[in-house]
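The block underneath contains the structure these notes are about, expressed in structure tokens.
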Amino acid sequence: MDQMEGQSGDIAVTSANRKCYAVTGSARKIKDNAADWHNLMMRWEKLNEEGFEVAGNIVNMRLTRSQSDQLLVDESSSATSAPSASSALWQLPGRAPELQDECCKLQDVINKMGIVVMKMERLVTSQRAVQDLEEFQFGPEGRKFPLFHSWDTKHFEESSRILLESFCQELKLKQLILQEVAHTLTSDLCMVYLSCWLHQPFIPPQTRLILEALLLETGHRPL
């Protein structure tokens, strides 16, 4: 997902970005959730940039030393078996500590992404609770007039679920990249991993559109 232009700061839920009337009850909760979605997605983008830089460092370590490593493996393979040569590659002075340090940094980034997703899950749970309350108060069809402009509470809940699913899938991809990138010897595959990290295939442009629609509907963005 491309970084959202003109949206570098968190959205604070204050009277300044509300409509003139008092926002209370279900509307207040939905509006607060919308601001939280924006802030969490911005947090994710910052972590994605940080992780891309770390992953790039890991790839550079692998590729810049690959030629000299291969020479050592070739020399070892003339007198030892292939597994022993492979072991010699990882026992080169300075290699393991450097890679381990960068891998730990990437793991830390992914752990923070996991916390973001966990908070997103809470937003979905909160939105579902609002919908259940609305159905209890007004029946399965919901209230006669929308809380904001045109969306009913089901629309808010569905949008939240779509956003959550995208980030859950993307987190799984990040975890896979972490497992594989430090052990990849071919430059093409390394570039594939870096491209996947940067462009986030499970967070398509539609995800940003959903967020913007959510912010527009709840009054965080002017119509």
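For the single chain, residues carry numbers from 1 onward in sequence order. Worth knowing before you read on, the calculation uses all heavy atoms, side chains too, and leaves out hydrogens, waters and symmetry mates.
In this structure the side chain of V59 reaches within 4.5 angstrom of the side chain of M191, judged on heavy atoms. Between F202 and L171 there is no side-chain heavy-atom pair separated by less than 4.5 Å. By the 4.5 Å heavy-atom criterion applied to side chains, F167 and V116 are not counted as neighbours.
Within the structure, every pair that satisfies the salt bridge (charged side-chain N to carboxylate O under 4.0 Å, His left out) test and touches residues 107-118, not counting sequence neighbours, is listed here: D108-K112. Within the structure, the salt bridge (charged side-chain N to carboxylate O under 4.0 Å, His left out) test picks out the following pairs touching residues 114-129 (sequence neighbours left out): R128-D132.
Looking at residues two or more places apart in sequence or on another chain, you find a ring pair (Phe, Tyr, Trp, His ring centres under 6.0 Å) between W151 and H155, F156.
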Item to check | side-chain contact (heavy atoms from CB on, under 4.5 Å) evaluation trace for M41 with T207 | outcome: CA-CA 10 Å; M41 289 172 68; T207 306; 3.9 Å; yes
What do the steps show when you test L123 against S160 for side-chain contact (heavy atoms from CB on, under 4.5 Å), and what is the final call?
-> CA-CA 8 Å; L123 288 181; S160 295; 5.8 Å; no
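In this structure, N60 contributes its side chain and G56 its backbone to a donor-acceptor pair below 3.5 Å. Without hydrogens or angle criteria, E217 side chain to H149 main chain gives a donor-acceptor distance under 3.5 Å. Although no hydrogens or angles enter the test, the distance criterion places no donor-acceptor pair under 3.5 Å between the side chain of D101 and the main chain of P97. Of the possible polar contacts, one joining the K31 side chain to the T218 backbone as a donor-acceptor pair under 3.5 Å is found.
Within the model, atoms CD1 of I162 and CG of L214 stand 11.5 Å from one another, a figure rounded to the nearest 0.5 Å. If you take CG on N33 and CD on E157, they are separated by 11.5 Å, rounding to the nearest 0.5 Å. The distance from the CG atom of N57 to the CD atom of E98 is 10.5 Å, given to the nearest 0.5 Å. Here E170 contributes atom CD and S166 contributes atom OG; the two are 9.0 Å apart, rounded to the nearest 0.5 Å.
A side-chain N or O of N111 and one of Q107 form a donor-acceptor pair less than 3.5 Å apart. Between the side chains of Q131 and Q127, no donor-acceptor pair of N or O atoms lies under 3.5 Å. Looking only at atom types and distance, the side chain of E180 has no donor-acceptor partner in the side chain of Q175 under 3.5 Å away.
By the 4.0 Å N-to-carboxylate-O rule, K105 lies close enough to E102 to be salt-bridged with it. Salt-bridge formation is not detected for the pair R208/E212: no Lys NZ or Arg NE/NH1/NH2 atom is positioned less than 4.0 Å from an Asp or Glu carboxylate oxygen.
In plain terms, the two heavy atoms of L198 and N48 that are nearest each other are O-ND2, 3.6 Å.
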